[in-house]
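Here the structure comes first, spelled out in structure tokens, and everything after it is commentary.
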Amino acid sequence: LTGLDFSEAQLAKARELLHAELAAGAVELRQGSAYELPFPDASFDGVCLIWVLEHLSDSVRALREARRVLRPGGVLSVTEVFNAGLRVEPPCPAMATYWMAFNALQRQLGGVPDVGAELAALAAAAGFADIQLRTLPVRMDARMSDPARRREFVSYWRTLWLSGTEQLQSRGLVSPVLVDAMQTEFTALAENPAAIYDYSAWQVAARRPSGTD
């Protein structure tokens, strides 16, 4: 398994988490860009991207690079966000305002917060074949009756949302008061057994065509 990231800080974290695998020679980590992968043509059986394209301004270029390093018949797997599909009940106005700012920031940084809905078209434009698209639903509702499990679910999503707080505040897109209100609403969702948090990611699987192409 070969892992690649543009950020040295992220690679440092990966080295910490994958210490045993790296020591055993089961994993290699490289620094590089999704637009210019530091690997020869046709060098991998599979390429997996998770939460990558949402941060890029040219997804097709990145997918063409993925196709280049795949062997003929090699498999592409991409999992991506569709932030417009989020539904929270009962209504949480602070969360709604924060989420709009979160997605606005991603667009300002050159990302695409709803890129999941485009995955099939992007894979086709990059020259892949046998393209299959599916949703990956993530849902908390009344069926999640264990309070500890609900708290764990909400804690995960709250942490994800808070990952953008520093940049959002530095750009004046959210206030500390809004952040506090958003966190209060997250806590209320965890404590309300009838509350709903519904989010669906999208995933595409495809292959590099066999033959000379």
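Contact annotation: the side chain of F39 approaches that of R30 to within less than 4.5 Å [non-hydrogen atoms, C-beta and beyond]. Using a 4.5 Å cut-off on side-chain heavy atoms (C-beta onward), N192 and P90 make contact. No side-chain heavy atom of Y197 sits less than 4.5 Å from a side-chain heavy atom of D141. Looking only at side-chain heavy atoms (C-beta outward), D198 and E89 stay at 4.5 Å or farther from each other. Within the 4.5 Å cutoff, side-chain heavy atoms of Q183 are placed close to those of R158. For the pair L133/L119, a side-chain contact is recorded, criterion being any heavy-atom separation below 4.5 Å from C-beta on. Taking the side chain as every heavy atom from C-beta outward, V115 and S59 approach each other to under 4.5 Å. Contact of the Q132 side chain with the V204 side chain is not registered, since no non-hydrogen atoms from C-beta on lie closer than 4.5 Å.
Here the side chain of E80 pairs a donor or acceptor atom with the backbone of L53 at under 3.5 angstrom. Distance alone, capped at 3.5 Å, places no donor-acceptor pair between the R64 side chain and the G127 backbone. A donor-acceptor pair is defined here as one N or O able to donate and one able to accept, closer than 3.5 Å; such a pair exists between the side chain of Q31 and the backbone of F6. Formation of a donor-acceptor pair under 3.5 Å by the T97 side chain with backbone atoms of P93 is found in this model. At least one donor-acceptor pair closer than 3.5 Å links the side chain of E185 to the backbone N or O of M95. Looking at S33, its side chain does come within 3.5 Å of a backbone N or O of Y35 through a donor-acceptor pair. A donor-acceptor pair under 3.5 Å is formed between the side chain of R208 and the backbone N or O of L70. A donor-acceptor contact shorter than 3.5 Å is absent between the side chain of D130 and the backbone of R207.
Scanning all heavy atoms of the two residues, the minimum distance from S210 to P72 falls at CA-CB, 3.9 Å. Here the closest non-hydrogen pair linking A126 and V60 is CB-O, 4.2 Å. Contact detail for C92 and L189: the closest heavy-atom pair is SG-CD2, 4.1 Å. Of all heavy-atom pairs spanning V174 and A101, the tightest one is CG1-CB, 3.6 Å.
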Report task. Evaluate the criterion side chain to side chain contact (heavy atoms under 4.5 Å, CB included) for residue pair K13 and E8; output intermediate values, then yes/no. Result -> CA-CA 9 Å; K13 185 64 175 179; E8 177 55 39; over 6 Å; no

**Report entry** Test log, rule side chain to side chain contact (heavy atoms under 4.5 Å, CB included), inputs V154 and T187
**Finding:** CA-CA 8 Å; V154 167; T187 299; over 6 Å; no

Report task. Apply salt bridge (charged side-chain N to carboxylate O under 4.0 Å, His left out) to E54 and R107, showing your working. Result -> CA-CA 9 Å; E54 62 172 306; R107 293 187 184 94; over 6 Å; no

Requested in this report: Kindly indicate, with the supporting measurements, whether the criterion side chain to side chain contact (heavy atoms under 4.5 Å, CB included) is fulfilled by T79 and W51.
Outcome: CA-CA 6 Å; T79 303; W51 319 133; 3.9 Å; yes

**Report entry** I196/R139 under side chain to side chain contact (heavy atoms under 4.5 Å, CB included): CA gap, chis, key distance, verdict
**Finding:** CA-CA 7 Å; I196 295 171; R139 184 178 175 92; 3.7 Å; yes

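Follow the hydrophobic side-chain contacts under 4.5 Å out from V69 and you reach L4 in the same cluster. Linking ILVMFWY side-chain heavy atoms closer than 4.5 Å, directly or via other members, places V75 and I50 in two distinct hydrophobic clusters. Both V138 and V88 are part of a single hydrophobic cluster, where members link through side-chain heavy atoms under 4.5 Å apart. V81 and L136 are assigned to two separate hydrophobic clusters, defined by single-linkage of ILVMFWY side chains at heavy-atom distances under 4.5 Å. Cluster annotation: V47 is connected to I131 through the hydrophobic network of ILVMFWY side chains, with a link wherever side-chain heavy atoms come within less than 4.5 Å.
Partners of D41 under the side-chain hydrogen bond (donor to acceptor under 3.5 Å, both in side chains) rule, at least two apart in sequence or in another chain, are R68. Applying the side-chain hydrogen bond (donor to acceptor under 3.5 Å, both in side chains) test to R171 and every residue at least two apart in sequence or in another chain returns Q108.
Of the inter-residue distances, the one linking F128 atom CZ with R67 atom CZ reads 7.0 Å to the nearest 0.5 angstrom. Distance check, rounded to the nearest 0.5 Å: CG of L178 to OH of Y98 gives 8.5 Å. Distance check, rounded to the nearest 0.5 Å: OG1 of T165 to CD of Q169 gives 6.0 Å. One finds the CG atom of L37 at 11.0 Å from the OG1 atom of T2 (value rounded to the nearest 0.5 Å). Here the CG-CG distance, from L173 to L105, works out to 6.0 Å after rounding to the nearest 0.5 Å. Taking OG of S43 as the start and CZ of R71 as the end, the distance is 6.5 Å to the nearest 0.5 Å.
With salt bridges taken as basic N to acidic carboxylate O contacts below 4.0 Å, none links R15 and E21. Using a cut-off of 4.0 Å between Lys/Arg side-chain N and Asp/Glu carboxylate O, E152 and R149 are scored as not salt-bridged.
In this structure, L1 belongs to a hydrophobic cluster whose other members, linked by side-chain heavy atoms under 4.5 Å apart, are L11, L18, L22, V27, L29.
Side-chain contact annotation: R150 with S145, donor-acceptor N/O pair under 3.5 Å absent. N103 and N83 share a donor-acceptor pair across their side chains, judged by distance under 3.5 Å alone.
Relative orientation of the F186 and W161 rings is perpendicular, given thresholds of 30° and 60° on the angle between their planes. Taking the six-membered ring where tryptophan is involved, the planes of W157 and F153 are tilted, since the angle between them lies from 30° to 60°.
The environment of CD in E166 is sparse: at most 12 heavy-atom neighbours from other residues, nucleotides or ligands sit within 6.0 Å.
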